Amino acid sequence: MGCGVTKSNQFHKNSGKAIKAAVLIQRWYRQYVARTEMRRKYTWHIFQSIEYSGEQAQIKLYNFLGYLMDNFTPTSNERNLISHIFRDNEFCRDTEWERLFCYKKIEVPEIYSGPHLTFPLTVEQAVRLVEAFRNKKQLHSRYVLQLLLETLKLIRMLPNINRISTCQSKEITICGDLHGQLEDLLLIFYKNDMPSMEKPYVFNGDFVDRGNDSIEILLILFSFLLVYPSEVHLNRGNHEDHIVNLRYGFTKEVLTKYKMHGKRILKLLQEIFSWLPLATVIDQKVLVIHGGISDTTDLSVLARVDRHSYVSALRPPKKRNQNSAASSIDIDTEEVLSHNKLTQRRTSLTYPKPIARDVFPNRSLQDFSGLIKVNTVEDVEIHRKRPSISIQGINRPENETTQAASSESVNSENGNDEWKQILDLLWSDPMNQDGCVPNEVRGGGCYWGPDVTEDFLNRHNLQLIIRSHECKQDGYEFCHNRKVLTLFSASNYYDVGSNRGAYVKLGPDLVPYLIQYQASSMIRELTVRQSVGRTEHSALKVLREQLFAHKSDLLCAFKMVDSKNTGHVSVHDWACAVESVLHLGLPWRMLSYQLVTSKTSDGMIDYHEWFNDLAIKGTNTDHIDQSLLETLYRHRSTLETIFRIVDTDNSGFITMEDFRQTWKLLSVYLKMEITDDAISDLAVTIDRNQDGSIDIDEFMEAFRLTDKKSRLERGRSMFMGTATDLTKLEGDLNI
Amino acid sequence: MADSTQSAEAIVSDVHKKIRAAFEAFDYESNHTVDVREIGTIIYSLGCFPTQANLHDLIAEVEEDHTGYIHLDKFLPAMTKVLLDLKFPSIPEDLLLQAFEVLDKEKKGYLEPEELTKYMTQEGEVFTQEEMDEMLTALADPEKNLVYYKDLISQLTIDPDM
């Protein structure tokens with residue numbers, strides 16, 4: 001390829017230089033991209049680890065409370081504090097529900113500018129509701145309750161497994177987790193149109209928690225369900241569970257937005273959640289479920305279970321034979337039942353024999369029996385007494401009771417089996433290796449491998465599993481030889497720019513067609529570098545807090561390595577020590593560049609200096625013991641959850657006495673001594689007006705345990721005004 | 001004499017630990033293998049600046065016979081050598097600046113997207129269209145749509161501040 005001789009050597013020289021320059025720049029840029037990718041990866045990993053360990057903590061807490069319930073005598077104060085969350089839903093007929101949740105007496109004031117609903121609901125109303133929410137309006141509690149009641153009536157009639165088809169060349173749209181992110185749902189409707197006769201939808205669970213607009217999403221989904229009952233299908237997710245909602249924000253959201261009637265709304269939702277179908281099957285070939293499967297999952301069993309009795313997937317249902325229990329109920333029988341409950345709850349949430357896996361740290365559900373300082377002699381006596389009472393109960397002439405007791409012992413096996421089926425369906429995650437092992441990271445369900453998928457699909461004559469439950473960077477991910485599709489529809493889930501959302505369309509050919517998106521106009525303006533930077537910033541902030549919260553343990557670990565007490569450790573030792581304390585499985589060595597700024601000249605880490613850098617300073621907290629502060633940071637979610645459980649009237653306040661009791665509970669759970677004086681110190685910090693009650697939010701804030709931002713919920717205006725009108729809302733009793 | 005050998009050993013040991021740590025971040029199945037497509041990222045993250053050709057050569061050395069996987073056993077010695085020999089050193093800022101200035105023939109202090117695109121997609125180890133689009137999104141000033149390379153070099157060569 002001859003170059004023109006006309007151009008001089010100068011040109012050649014220049015182009016030679018240009019090529020070299022180009023190569024250099026390309027090298028440099030590609031390295032930069034790879035580094036950014038690396039940061040994105042570990043940032044992701046950080047959020048996910050913390051998210052899952054949070055879920056695990058939730059289950060642990062729940063188990064702990066359950067254990068307390070079973071082991072404290074009925075008169076114990078602590079038991080009363082928490083017993084209400086274990087109480088079953090009252091069995092109600094439709095008319096009773098209507099009476100309990102009567103909306104007719106609730107008046108809607110004239111200044112209310114939100115949508116008015118009339119039933120039966122029309123599609124125009126559903127569309128207007130979407131518009132209203134887009135414009136930040138809030139639906140009045142009267143209409144909320146009415147809508148929920150109508151939904152309950154409908155949903156109870158649905159089977160456990162929805163079977164639908166793509167007949168008439170209809171494409172079915174399937175959406176994954178939404179987690180209260182209204183913007184994403186609106187984006188999906190914008191790109192794909194709202195549900196209609198021609199546009200069937202399946203929503204695959206986790207509509208609530210974490211995001212700010214969980215209730216709005218529910219109301220939209222329920223509205224379309226009512227208008228198009230054959231075209232809209234909802235699957236239950238692990239977050240459609242009132243126990244989980246206590247920790248992850250949905251409960252708080254409802255109580256904040258609906259100060260007057262929030263509690264009733266939540267109660268009604270609790271019932272609705274338990275009636276949500278468990279799965280959807282498309283064309284008898286594609287299974288859509290929220291979590292996943294296990295090696296024991298059997299659709300025929302799932303089709304038969306009484307799904308309603310699983311109010312929370314975290315808890316096996318009380319064995320009850322409704323009719324006989326109603327007729328022969330007395331103290332003895334109750335004790336029989338609770339004795340059975342005792343045996344049941346002792347069964348591990350996961351497999352009876354947890355299989356040890358080197359990859360996952362051993363976080364299996366603990367045996368708390370060592371912790372509780374119950375008077376052992378008393379305990380044994382009580383337990384000895386119980387069996388004799390139960391025998392008396394069984395020998396009673398009432399045939400029904402006998403039948404009840406014996407069928408209970410037969411059914412308790414089946415009951416557990418059914419419960420495990422549901423738990424697996426809602427909580428499991430796929431893994432790359434063959435086999436099926438307990439999901440110790442989340443604390444419930446299991447990890448299932450490609451062989452289990454293969455076997456399951458063959459047994460049930462299916463070809464694809466579509467599930468959600470896990471956040472994916474691209475909004476979706478195939479695995480197990482493209483036989484399992486994970487679908488996640490909440491974009492920017494961990495932080496702005498963290499991930500895209502996706503939904504899938506399935507036509508009669510059953511070939512998944514995926515559409516991705518990312519909500520928020522902010523995204524387009526951020527460069528990749530900036531959005532990774534932002535997410536990374538948040539992740540590292542969270543991580544630093546975790547590190548600070550474990551200071552004492554970390555110090556011990558460092559000292560073990562630093563035998564000469566130089567105050568310095570190598571990066572490698574630092575990384576090992578941190579992992580041994582935090583068990584998050586993160587690439588600490590790589591993260592050290594971000595997390596440790598105090599390095600000595602020879603590249604060692606001065607850990608005392610490092611802790612100083614990390615320290616989170618709180619206002620007025622100097623008088624609080626350091627280790628106590630650490631505990632607060634470490635367990636703040638647990639703390640808040642417990643407080644909200646104790647706050648039975650959902651007022652946001654708990655009494656001083658309850659506060660003390662709560663701390664006593666915690667001190668056992670957290671295995672630390674907390675003196676009464678220390679507790680008083682804590683209380684004094686927040687109960688400034690000394691009226692004997694503690695504001696939960698203020699407490700959490702006082703110790704910088706929550707961001708001030710989270711208290712100011714994004715404005716929802718019921719009146720013709722702006723977010724500042726929220727102050728008006730606070731005082732309005734009609735809401 | 002003994003001292004220097006010790007420190008040499010210590011250095012090698014430290015390098016090994018570094019390589020292992022980076023490797024493990026991509027070892028999803030915890031069986032000491034990574035997908036060959038991730039190797040580039042691993043090598044870059046260890047502070048190296050190989051060219052594409054360098055990368056291909058290294059991968060050819062360590063890949064497990066076209067399985068698409070790379071085992072730590074092969075990767076570790078190869079990568080150790082790379083790090084100890086400083087085979088793919090980082091690019092000094094001034095050199096980078098010169099490179100940009102070569103492309104910026106009119107010495108404007110910035111590059112227009114078309115200019116940069118021409119070079120990146122036609123010369124050297126060319127970029128794909130996707131890579132090019134990403135580069136422009138990352139580097140171009142959002143308002144003026146120009147690449148002010150001087151500022152970028154210092155910002156991007158070291159890890160950006162939090």
Side-chain angles (χ1 to χ4, degrees), chain A residues 14-39 41-42 45 357-360 431-433 524-530 532-534 536-538 540-541 544 570-573 575-576 585-594 597 603, chain B residues 13-14 17-18 20-22 24-26 28-31 38 40-45 47-55 88 90-91 95-96 98-103 105 116 118-127 131 134-135 137-140 142 149 153 155-157 159-162:
Chain A
N14 280 349
S15 67
K17 257 175 141 186
I19 293 172
K20 278 209 184 123
V23 170
L24 201 72
I25 294 172
Q26 284 154 348
R27 254 173 76 198
W28 164 78
Y29 179 72
R30 280 178 170 129
Q31 208 267 9
Y32 158 74
V33 165
R35 273 193 0 253
T36 306
E37 176 57 25
M38 200 62 151
R39 284 162 61 208
K41 256 199 182 346
Y42 66 62
H45 199 166
R357 279 173 59 85
D358 293 328
V359 172
F360 301 110
M431 64 176 176
N432 289 328
Q433 295 98 318
R524 278 171 246 125
E525 286 154 26
L526 289 175
T527 63
V528 166
R529 172 173 68 91
Q530 284 169 328
V532 168
R534 273 191 60 148
E536 192 186 13
H537 182 68
S538 309
L540 290 171
K541 180 163 173 276
R544 280 195 200 98
S570 68
V571 176
H572 175 80
D573 288 335
C576 291
L586 293 171
W588 294 107
R589 204 186 160 122
M590 268 197 295
L591 291 171
S592 68
Y593 299 111
Q594 311 282 22
T597 45
Chain B
S13 160
D14 196 55
K17 286 176 189 159
K18 248 178 150 166
R20 271 181 217 279
E24 271 160 22
F26 292 88
Y28 302 124
E29 308 194 8
S30 305
N31 54 4
E38 315 256 42
T41 314
I42 297 179
I43 295 173
Y44 284 128
S45 76
C48 300
F49 285 75
T51 62
Q52 297 288 79
N54 294 147
L55 269 182
F88 311 129
S90 63
I91 303 168
L95 201 61
L96 197 54
Q98 276 180 42
F100 273 108
E101 283 172 348
V102 165
L103 302 186
K105 287 204 236 100
L116 190 56
K118 190 181 79 166
Y119 284 114
M120 295 292 102
T121 57
Q122 290 174 22
E123 308 281 10
E125 294 185 323
V126 298
F127 276 359
E131 276 180 294
E134 273 179 25
M135 186 189 207
T137 319
L139 303 188
Y149 49 83
I153 290 170
Q155 273 175 35
L156 300 186
T157 310
D159 274 302
D161 293 342
M162 282 306 119

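Fair warning: this is a prediction, and the values are worked out from it, not measured in the lab. Just so it is clear: chains get the letters A, B, ... in the order the sequence lines come, proteins before strands, and each one is counted from 1.
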**Message:** Heavy-atom pairs under 4.5 Å with chain A - which of B:E101, B:K18, B:Q122, B:Q98 has more of them than the others?
**Reply:** B:K18
**Prompt:** Which bit of B:Q52 is near chain A, if near means a heavy-atom gap under 4.5 Å: side chain, backbone, both or neither?
**Reply:** side chain
**Request:** Could you tell me which portion of B:E24 (side chain, backbone, both or neither) has an atom closer than 4.5 angstrom to a non-hydrogen atom of chain A?
**Result:** neither
**Request:** May I ask you to test the A:R30-B:E131 pair for a side-chain heavy-atom distance under 4.5 Å?
**Result:** yes
**Prompt:** When you measure from the side chain of B:E38 to the backbone N and O of B:F26, does any donor-acceptor pair fall under 3.5 Å?
**Reply:** no
**Request:** Could you pull out the closest heavy-atom pair between B:L116 and B:M135, with the gap in Å?
**Result:** CD2-SD, 4.0 Å
**Message:** So for atom NZ, which belongs to B:K17, do other residues, nucleotides or ligands contribute more than 12 heavy atoms lying within a distance under 6.0 Å?
**Reply:** yes
**Item:** Most chain B-contacting option - heavy-atom pairs closer than 4.5 Å, from A:K20, A:H572, A:Q26
**Value:** A:Q26
**B:N54 portion near chain A, given a 4.5 angstrom heavy-atom threshold** = neither
**Prompt:** So which of B:A22, B:C48, B:G40, B:S90 has the largest heavy-atom pair count under 4.5 angstrom toward chain A?
**Reply:** B:C48
**Prompt:** Hey, what do you get for CD1 (A:I25) to OH (A:Y32), rounding to the nearest 0.5 Å?
**Reply:** 15.0 Å
